[in-house]
Amino acid sequence: MSRPRVRLVVTADDFGYCPRRDEGIVEAFLAGAVTSVSLLVNGAATESAAELARRHSIPTGLHANLSEGRPVGPARRGASSLLGPEGFFLGKMGFREAVAAGDVDLPQVREELEAQLSCFRELMGRAPTHVDGHQHVHVLPGVCQVFAEALQAYGVRFTRLPLERGVGGCTWLEAPARAFACAVERDARAAVGPFSRHGLRVPPTGGCGEGPDAFSCSWERLHELRVLTAPTLRTRLAQDGVQLCALDDLDSKRPGEEVPREATLEPFLEPSLL
């Protein structure tokens with residue numbers, strides 16, 4: 001058998017959001033299609049998700065969250081630029097708008113990120129394999145610098161930058177989703193410098209509510225799970241010279257091998273391509 005040309009990390013985000021979502025993620029991991037997860041430490045099912053990760057020896061990183069649910073750090077105790085009047089984070093677009101307006105206190109971002117890193121260590125008994133941002137908050141201007149500095153200080157080696165080539169031409173995405181994806185890609189390109197300067201490895205890329213929500217129960221997510229657990233997927237990857245692996249496996253590059261890549265289950269898989 002020929003040597004694999006590419007090693008691929010497939011990360012499932014939102015681990016700990018709710019039990020039903022976690023069940024699908026674990027099923028995909030046990031099927032061999034998902035190779036790591038990103039844990040929300042303020043999710044409705046955080047503790048049970050951490051137990052599942054330990055039980056099944058799932059490589060686990062932190063899904064840092066500044067947009068959904070409640071904080072775990074000092075912001076819980078009083079007023080914060082990260083929170084709305086009810087004590088919850090500002091939401092996916094609310095946080096972005098606050099950052100753009102200069103209303104977010106970046107030292108408070110650092111406090112909350114450090115609190116989530118500490119919470120992760122308490123839950124898992126070790127440091128995260130990687131850190132990325134729920135709803136891609138970690139690539140926002142200014143915020144990315146805070147993340148880069150904090151991750152370097154905590155010895156985290158990997159993050160993910162969502163540089164999804166050609167996303168603007170994905171006509172199967174509805175216009176609002178496509179516009180958001182394009183904005184995230186622009187922010188990600190601008191964040192390459194800060195993360196690289198602080199020594200973060202960035203493999204190329206191809207909540208915290210009560211749940212389960214409509215998003216996690218949608219037909220797209222069920223379709224995604226069926227594809228990931230189908231034996232034909234792993235057969236096709238092997239035929240194409242792609243070896244699934246964990247982030248720790250990226251530290252060594254084999255002769256004749258292309259740059260390792262990372263994929264995330266945050267975007268939908270395009271039905272027409274599966």
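One-based numbering along the sequence shown. Since we're looking at a predicted model, the values are computed, not measured.
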Candidate pair Asp13 and Arg160, rule salt bridge (charged side-chain N to carboxylate O under 4.0 Å, His left out), full reasoning: CA-CA 11 Å; Asp13 289 343; Arg160 180 178 71 239; 2.6 Å; yes
Search all heavy atoms of [X] against all heavy atoms of [Y] and return the closest pair with its distance.
X: Val184; Y: Pro162; result: CG1-CG, 3.3 Å
X: Gln116; Y: Phe89; result: NE2-CZ, 4.5 Å
X: Val131; Y: Phe147; result: CG1-CE2, 4.3 Å
X: Ala115; Y: Gly73; result: CB-CA, 3.5 Å
X: Ala148; Y: Leu200; result: O-CD2, 4.0 Å
X: Val34; Y: Ser36; result: CG1-O, 3.3 Å

Sidechain N-carboxylate O distance under 4.0 Å for Asp248, Arg157: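 Yes, Asp248 and Arg157 are salt-bridged.
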Residues Leu163, Val192; criterion side-chain contact (heavy atoms from CB on, under 4.5 Å); working and verdict: CA-CA 10 Å; Leu163 299 171; Val192 169; 4.3 Å; yes
Verdict with reasoning, Leu113 to His138, per side-chain contact (heavy atoms from CB on, under 4.5 Å): CA-CA 10 Å; Leu113 176 57; His138 67 303; over 6 Å; no
Roughly how far apart are [X] [atom1] and [Y] [atom2], rounded to 0.5 Å?
X: Leu151; Y: His198; atom1: CG; atom2: NE2; result: 10.0 Å
X: Glu51; Y: Thr46; atom1: CD; atom2: OG1; result: 13.5 Å
X: Asn42; Y: Phe88; atom1: CG; atom2: CZ; result: 10.5 Å
X: Thr129; Y: Phe158; atom1: OG1; atom2: CZ; result: 8.5 Å
X: Leu8; Y: Asp249; atom1: CG; atom2: CG; result: 11.5 Å
X: His134; Y: Asn65; atom1: NE2; atom2: CG; result: 5.0 Å

side-chain hydrogen bond (donor to acceptor under 3.5 Å, both in side chains) involving Glu185 - partner list, sequence neighbours excluded: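 Glu185: side-chain hydrogen bond (donor to acceptor under 3.5 Å, both in side chains) contacts with Arg189.
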Contacts of type side-chain hydrogen bond (donor to acceptor under 3.5 Å, both in side chains), residue Gln152, not counting sequence neighbours: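 Applying side-chain hydrogen bond (donor to acceptor under 3.5 Å, both in side chains) to Gln152 gives none.
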Do the side chains of [Y] and [X] get nearer than 4.5 Å, heavy atoms only?
X: Tyr154; Y: Ser118; result: yes
X: Leu40; Y: Asp14; result: yes
X: His63; Y: Asp132; result: yes
X: Val227; Y: His223; result: yes
X: Phe95; Y: Leu82; result: yes
X: Val99; Y: Arg96; result: no
X: Arg197; Y: Gln145; result: yes
X: Phe195; Y: Leu161; result: yes

Residue Glu47 excluded, over 12 heavy atoms near CD under 6.0 Å: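 Atom CD in Glu47 is not packed in, count stays at 12 or less.
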Heavy atoms from other residues, nucleotides or ligands near CZ of Arg54 exceed 12 (cutoff 6.0 Å):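 Atom CZ in Arg54 is packed in, count exceeds 12.
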Derivation of the side-chain contact (heavy atoms from CB on, under 4.5 Å) call for Cys245 and Thr35: CA-CA 6 Å; Cys245 67; Thr35 60; 5.8 Å; no
Do side-chain atoms of [X] reach the backbone of [Y] as a donor and acceptor pair under 3.5 angstrom?
X: Ser38; Y: Gly61; result: no
X: Glu114; Y: Ala150; result: no
X: Asp22; Y: Gly16; result: yes
X: Thr229; Y: Ala31; result: no

Hydrophobic cluster membership, Val72 vs Val146, 4.5 Å side-chain cutoff: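 Cluster IDs for Val72 and Val146 match.
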In one Ile/Leu/Val/Met/Phe/Trp/Tyr side-chain cluster, 4.5 Å: Ile25, Leu225: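 Hydrophobic grouping puts Ile25 apart from Leu225.
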Side chains of Gln108 and Glu112, donor plus acceptor under 3.5 Å: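 Gln108 vs Glu112: no donor-acceptor pair found between side chains.
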